[in-house]
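Scroll down for the structure; my scribbles are underneath it.
Because the structure is a prediction, the values reported are computed rather than measured. Numbering starts at 1 and runs along the sequence shown.
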Amino acid sequence: MFGRIAHRYDLLNRTLSLGRDVGWRRVVARRVAAIDPSLVLDVCTGTGDLALAVGGQVVGADFCLPMLVRARRKAGRMQRSLPLCAADALRLPVRDGVVDVVTVAFGIRNFADLEVGLRELVRVLKPGGTLLVLEFSRPRGPLAPVLGWWVRTVPPRVGRWLSGDPEAYDYLPASVSTFPEGATMCRGLEDVGLMDVTVRPLMGGVASLYEGVRKREEL
């Protein structure tokens, strides 16, 4: 499914989020910059948007080869070095405890097994390393009805029109509606060995940024 829409993925992201996805990734990039890591692993890197927004040494990993092709071309146009790796997020080809920061933008919702995937992200982190997860969530507050209607209604219709792939953009609101979020997601992150877990709602809760630090003792 992701391979079929790779050629329109960036256009669809900008259109369906009204360009806000760029700002959300910048929020993550600023958090990474504040940590000042030696090595970042961007899992579910897709076309490389987040990896290219983050400075320093970044490696992008994704299981979808057409997405990685787009990421490589984009990095070339930007004259950026971006090592890329074809990898299953549930079985990363990375040694234990070698990465300072792991980032995932709009990817963990697609894990075949969320707990297994989260444990794998924690496994590759150094003790004291940071996991940053940017993911869609269900809006809260006074604008929640309007924002919720947008997420449920606009992406499927516009996505079908722009991509020609009805399955992909029917999947988006369905997956958001069933994915754990907020306090539930924070507890899940703590259960896999993270501490100091926080969640930051973005744009009224349309998206959320989760952050946690790998405990220094062995899991």
Fill in: Non-neighbouring partners of Glu190 that pass salt bridge (Lys or Arg N to Asp or Glu O under 4.0 Å), sequence neighbours left out
none

Worksheet entry | Partners passing side chain to side chain contact (heavy atoms under 4.5 Å, CB included) against Val199 (at least two apart in sequence or in another chain) | Cys186, Ser208, Tyr210

Item to complete: Measure the CG-CG distance between Leu121 and Leu41 for me, rounded to the nearest 0.5 Å.
Response: 8.0 Å

Fill in: Non-neighbouring partners of Val213 that pass side chain to side chain contact (heavy atoms under 4.5 Å, CB included), sequence neighbours left out
Thr130, Met195

Discussion item. Tell me whether Val116 shares a hydrophobic cluster with Ile108, the cluster being built from Ile, Leu, Val, Met, Phe, Trp, Tyr side chains joined at under 4.5 Å.
Written reply: yes

Discussion item. Using side-chain contact (heavy atoms from CB on, under 4.5 Å), reason through Val102 and Val43 one step at a time and then give a plain yes or no.
Written reply: CA-CA 7 Å; Val102 172; Val43 177; 4.0 Å; yes

Worksheet item: Any donor-acceptor pair under 3.5 Å linking the side chain of Glu135 with the backbone of Ala207?
Response: no

Worksheet item: Cluster question for you: counting only ILVMFWY and a side-chain heavy-atom cut-off of under 4.5 Å, with indirect links fine, are Leu131 and Val98 together?
Response: yes

Response to the item:
In terms of heavy-atom contacts, Thr45 and Ala51 come closest through OG1-CB, 3.6 Å

Worksheet item: Considering residues at least two apart in sequence or located in another chain, which fulfil the salt bridge (Lys or Arg N to Asp or Glu O under 4.0 Å) criterion with Arg25?
Response: Asp21

Item to complete: Verify the cluster assignment for Leu39 and Leu92: are they in a single hydrophobic cluster under the rule of side-chain heavy atoms below 4.5 Å apart?
Response: yes

Discussion item. Within the structure provided, determine whether Met203 and Trp24 are in side-chain contact (heavy-atom separation under 4.5 Å).
Written reply: yes

Worksheet item: Between Leu114 and Leu118, is any pair of side-chain heavy atoms under 4.5 Å apart?
Response: yes

List the atom pairs, donor and acceptor, that lie under 3.5 Å between side-chain atoms in residues 76-84 and the rest of the protein, sequence neighbours left out.
| unit_1 | atom_1 | unit_2 | atom_2 | d |
| --- | --- | --- | --- | --- |
| Arg80 | NH1 | Leu52 | O | 2.7 |
| Arg80 | NH2 | Val54 | O | 3.1 |

Practice prompt. Verify the cluster assignment for Leu50 and Val69: are they in a single hydrophobic cluster under the rule of side-chain heavy atoms below 4.5 Å apart?
Written response: no

Worksheet, complete the sentence: Residues passing the side chain to side chain donor-acceptor pair (under 3.5 Å) test with Glu115, sequence neighbours excluded, are Arg119

Worksheet item: Could you give the distance from CD (Glu211) to CG (Leu132), rounded to the nearest 0.5 Å?
Response: 5.0 Å

Worksheet item: Hey, are the side chains of Pro93 and Cys85 touching, using non-hydrogen atoms and a 4.5 Å cut-off?
Response: yes

Fill in: side chain to side chain contact (heavy atoms under 4.5 Å, CB included) partners for Thr184, two or more places apart
Pro180, Arg187

Worksheet, complete the sentence: side chain to side chain contact (heavy atoms under 4.5 Å, CB included) filter on Leu65, not counting sequence neighbours, yields Leu68, Ala86

Item to complete: Determine yes or no for a side-chain-to-main-chain donor-acceptor pair under 3.5 angstrom, with Arg214 supplying the side chain and Leu125 the backbone.
Response: yes

Response to the item:
Tightest non-hydrogen contact, residues Gly46 and Ala71, listed as O-CB, 3.6 Å

Worksheet item: Any idea which heavy atoms bring Pro37 and Val40 closest together, and the distance?
Response: CG-CG2, 3.5 Å

Worksheet item: Below 4.5 Å, heavy atoms only, C-beta onward: do Thr103 and Val28 meet side chain to side chain?
Response: yes

Practice prompt. Rounded to the nearest 0.5 Å, what's the gap from CZ on Phe111 to SG on Cys44? Could you check?
Written response: 4.5 Å

Discussion item. Going by salt bridge (charged side-chain N to carboxylate O under 4.0 Å, His left out), name the pairs with one or both residues in residues 38-63, residues two or more places apart or in two chains.
Written reply: Arg14-Asp49, Asp49-Lys74

Fill in: Pairs touching residues 81-99 that satisfy salt bridge (charged side-chain N to carboxylate O under 4.0 Å, His left out), sequence neighbours left out
Asp96-Arg123

Worksheet item: Is any side-chain heavy atom of Asp100 closer than 4.5 Å to a side-chain heavy atom of Ile35?
Response: no

Worksheet item: Considering all heavy atoms of both residues, which atom of Phe179 and which atom of Arg109 are nearest to each other, and what is their separation?
Response: CE1-CA, 3.5 Å

